[in-house]
Amino acid sequence: MSKKVLVVSEIRDGEYRNISFEAIAAAKQMADGGEIVGVLLGKSVSEHAKEMVHFGADRVITVEHDHLSHYTPEGYTQALHSVVEQEKPDGLLMGHTSIGRDLAPKLASRLKSGLVSDVVSLEVAGEEVIFTRPIYSGKAFEKVVVSDGLLFATLRPNNIAALEKDESLSSTVESLDVEIKDLQTIIKEVVKNTASGVDLSEASVIVAGGRGMKGEENFKILDELAEVLNGAVGASRGACDAEYCDYALQIGQTGKVVTPDLYIAVGLSGAIQHVAGMSNSKVIVAINKDPEAEIFQIADYGIVGDLFDVIPKLTAEFKKVLV
Ligand code: FAD
């Protein structure tokens, strides 16, 4: 049976996050020929609506409000709840991003719905949609079927390929007025404390440093390698705890979960809590001076050596080929 599926997209600094388009592709699978409705929340977001159509949304609803200019769980939950009440969808998808992880459970509780979080793939078998999600810090996968009610899921970025962009597609864009009231928090301004660059959770290449980096100043050799590869720099909690870098870079169970095409783990041991955030990377390269380091157990390629020797050589070689 065909289904109506809402896809909540995310725009940051005027640009879509890829997960918005990946979620449309997932929704197409789920909808089984039904309707995909893109949802854009924010302030002055309507100008971006047609991009969702180019990636496969049949229709887009924009909700613009002063209280949506910055994400707040209360404001976004109220707005999205209004959209769900109006549309009465069969399915609802959003990214398993910082916002999605915060917003989805709150909305699910308000809708008295279940929620399947951190989905990495889905398949349709007859009437059922089967969601696959990692469990036990990525050591196993479980398949989940929603037996009743809304098919509500968050999707891990970088796991489901977006559809080809087709600029010839066009459709209607509707705006919905919502009431947002009784907010306990209003965000006036967001000040970033990390340098802008490639977004860690959507990067296709990540160079991550651990405690073996031995100092904040040494992270610049990772910056150089990441720049040549057009990637992002990440870190273990060991490196963050040692104040070599900001916690915004932390990857793992209590940090970001990433799925790049290439993950270069540098001077980090591969503790289970770190591996939980990166084990689904497509190709893992580990550089560690200890041949017994656990990270080598999940690495596709390993270099046993001193990172201060290996990294500059790698950067120089990649420069010859790529720059
Ligand atoms: P270490 O374990 O100290 O490893 C450093 C590595 O660098 C060693 O393998 C060493 O051989 C190598 N090395 C040293 N010098 C060099 C050199 N010159 N060249 C090459 N290699 C070198 N950790 C996370 O990363 N993310 C999380 O989200 C996370 N969440 C946690 C949640 C909980 C509840 C707990 C209890 C822990 C969590 N941790 C997390 C911490 C985790 O258990 C580890 O302590 C941490 O990952 C270790 O960081 P590290 O690998 O950088 O440091």
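Start at 1 and go down the list; that is how both ligands and their atoms are numbered.
Remark: distances from the non-hydrogen atoms of K214 to ligand 1 include one below 4.0 Å.
The aromatic rings of F21 and Y16 lie tilted to each other, with the angle between the two planes from 30° to 60°. Ring-plane geometry between Y76 and Y71 is classed as perpendicular, the angle between the planes exceeding 60 degrees on a 0 to 90 degree scale with a lower cut at 30.
The side chain to side chain contact (heavy atoms under 4.5 Å, CB included) with T154 is formed by just one residue from the set R133, H96, R101; it is H96.
Contact annotation: for A271 versus ligand 1, heavy atoms closer than 4.0 Å belong to the side chain alone. Counting heavy atoms under 4.0 Å from ligand 1, residue V310 does not touch it at all.
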Item to complete: Walk me through it: do I295 and M278 pass the test side chain to side chain contact (heavy atoms under 4.5 Å, CB included)?
Response: CA-CA 11 Å; I295 191 70; M278 47 66 75; 4.2 Å; yes

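With respect to the salt-bridge test (charged N to carboxylate O, under 4.0 angstrom), the residues D118 and R156 qualify.
Among the atoms of A235, none of the N or O lies under 3.5 angstrom from an N or O of ligand 1.
Applying the salt bridge (charged side-chain N to carboxylate O under 4.0 Å, His left out) test to pairs two or more places apart or on separate chains, those with a residue in residues 300-318 are D309-K313, E317-K320.
When each atom of ligand 1 is checked for a heavy atom of G212 under 4.0 Å away, the hits are 5 (C), 7 (O), 13 (N), 14 (C), 15 (N). Using a 4.0 Å cut-off to heavy atoms of I251, the atoms of ligand 1 that qualify are 24 (C), 25 (O), 26 (N), 27 (C), 28 (O). The atoms of ligand 1 that sit less than 4.0 Å from any heavy atom of Q250 are 26 (N), 27 (C), 28 (O), 29 (C). Listed by atom number, the atoms of ligand 1 under 4.0 Å from G238 heavy atoms are 46 (C), 49 (O). Every atom of ligand 1 with a heavy atom of G305 under 4.0 Å away is listed here by number and element: 19 (N), 20 (C). Listed by number with element, the atoms of ligand 1 under 4.0 Å from a non-hydrogen atom of G210 are 52 (O). Every atom of ligand 1 with a heavy atom of G255 under 4.0 Å away is listed here by number and element: 28 (O).
Under the 4.0 Å distance rule, the nearest protein heavy atom to atom 8 (C) of ligand 1 falls inside the cut-off.
Checking side-chain atoms of S9 against main-chain N and O of V39 turns up a donor-acceptor pair under 3.5 Å.
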